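Below is one structure; the comments refer to it alone.
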Amino acid sequence: MSNERGTVFSKHLATLLALHLALVSTIYPSIFAEDIHNESNKNFTSKSTSSASTFIEVSNASDGVDPNGYIVYCPCMGRFGNQADQFLGALAFSKSINRTLVLPAWVEYIPYKTGSIQVPFNKYFKPEAILPFHKVITMERFMVDLAPNIWPPEKRYSFCYIQRGNGKGCDAKDGNPFGPFWDNYKVDFVGSEIFGPELHYLSIYKGNGQSTWQEKYPGDTWPVLAFVGPPSGFPVESINVHLQEYLVWQDVIEKKSRDFISSLPKGPFIGIHLRNGADWSRACELVDGTQIHLFSSPQCLGYHQENGKLTSEMCYPSTTTIIKQLRRAIKKINATSVFVASDRNHLITDLNSAFQHMNVAVRKLPYDSPHVDLAILGKSNLFVGNCVSSFSAFVKRSRDVYGFASEFWGYPPDLRRIKNEIRQNELDHDEL
Ligand code: GFB
């Protein structure tokens, strides 16, 4: 039995690795921050909060340098939703050890092309909107204005918890997106600093973890801590979910989302996220009723799985489930339209034929833009998303900031249907 379990587990692990995920569904135990949000940043004021397209520098030191130092990292795991999750943790980490967070570029992958591209943080979000919470500077500005003095090439050490790659150190540039990310800023490392196992970025949530980081790596001797990956967990720790409020869309995205919404028929609209690409169907094959969590599922199941178990309908809902749930939602808010965001199949034909008799228009963006999709979903009167997807999780968090309603596909599970399925399986089994 245990061997069988082991095999199943290895199969899961191999599939996950194949899915290019370094860290999956890492749910942290009940660790609580020692009020990391109350730490004052009053010594630092915004020196320049000018236009959204310029960079931010925050320091009151005469040379504009934060004496407590900086945190730089590569958002080297997953795509946008994963990176946004981990960004929130990195922001909390920087605040807790009182270092300026250098806002990394977003790592993007172009379909059917190898490598990755780096998109400046402020192409999508306003850095100045983060300032009320913590001091930040964009990576581009940091590299031009500060790095030549405080982080010259001979002082560039990469930080990792454990040795990685084939070398003895962090091998910070080994593989994609690691290499392309640092190359984008012409950064090479002269050595590695392995901070584990004594220290972990999650130690800030325990005991005197914050001061331990500061004692081991004081700002004057270590002005820059450059992490190989995000100094945070995935999914976002529950204590950091609220930091979503500091991610504010740039005006251009905001405008596109508003323009699209104003093109919808008058009346309330429902925003839905259909995550159904090939990578997703492979990931959902892992759901066999034995998992505690997968990816962002704590957002509906609870961080301690207090709200039930993961089902495959929650991960990859059938068209029947989608139509049934949507019908209920349309009636609930008297919706006049449904906005569909998807990475592959928007199901426009199925949804149109299901709802045209209700006079409900089903629409999608006429172009592909994950960020405009997210901004529109964030503004819908009701959102129905995928509990497992971090893309949906971004939307859910941003709606929570305003108290907007959100639901998830297949959640709560239809217990009667599950019982019937189990019974049917048992009958099939008996017949065999
Ligand atoms: O955002 P993300 O980490 O969410 O990755 P998951 C999914 C990506 O697919 C997004 C695209 O960043 C978008 O590029 N995408 C997903 C969409 N939904 C939509 C949508 O509604 N509209 C548009 N335009 N694009 C994880 C990945 O995805 O899934 C992991 O991060 C892995 O790398 C795993 O592939 C299976 O958490 O859904």
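Numbers here simply count residues along the sequence, with the first being 1. None of the values given here were measured: they were computed from a predicted structure. One-based numbering, in listed order, for ligands and for the atoms of each.
In this structure, the separation between CD1 on I292 and NE2 on H304 is 12.5 Å, given to the nearest 0.5 Å.
The ligand atoms of ligand 1 that sit less than 4.0 angstrom from a heavy atom of G78 are 31 (O), 33 (O). Against a heavy-atom cut-off of under 4.0 Å, A341 is close to the following atoms of ligand 1: 21 (O). Every atom of ligand 1 with a heavy atom of D368 under 4.0 Å away is listed here by number and element: 23 (C), 24 (N). With ligand atoms numbered from 1 in the order given, ligand 1 contributes 24 (N) to contacts under 4.0 Å with heavy atoms of S369. Short contacts between ligand 1 and S390, defined as distances under 4.0 Å to a heavy atom of the residue, involve ligand atoms 2 (P), 3 (O), 4 (O), 6 (P), 37 (O), 38 (O). Close approach to D373 involves these atoms of ligand 1, each under 4.0 Å from a residue heavy atom: 20 (C), 21 (O), 22 (N), 23 (C), 24 (N).
Side chains of N386 and F391 form no contact here, defined as non-hydrogen atoms less than 4.5 Å apart.
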Practice prompt. Evaluate the ring pair (Phe, Tyr, Trp, His ring centres under 6.0 Å) criterion for residues F87 and Y246: first the C-alpha distance (whole Å), next the side-chain angles of each, then the deciding distance (0.1 Å), finally the verdict.
Written response: CA-CA 11 Å; F87 172 77; Y246 300 102; over 10 Å; no
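Using modelled atom types, one finds no donor on one side chain facing an acceptor on the other under 3.5 Å when comparing E313 with Y411. Side-chain contact, H346 with S342: no donor N or O sits under 3.5 Å from an acceptor N or O.
The residue S392 has no part lying near ligand 1, judged by heavy-atom distances below 4.0 Å.
One option in F391, Y109, F295 has a heavy atom closer to atom 34 (C) of ligand 1 than any other, and that option is F295.
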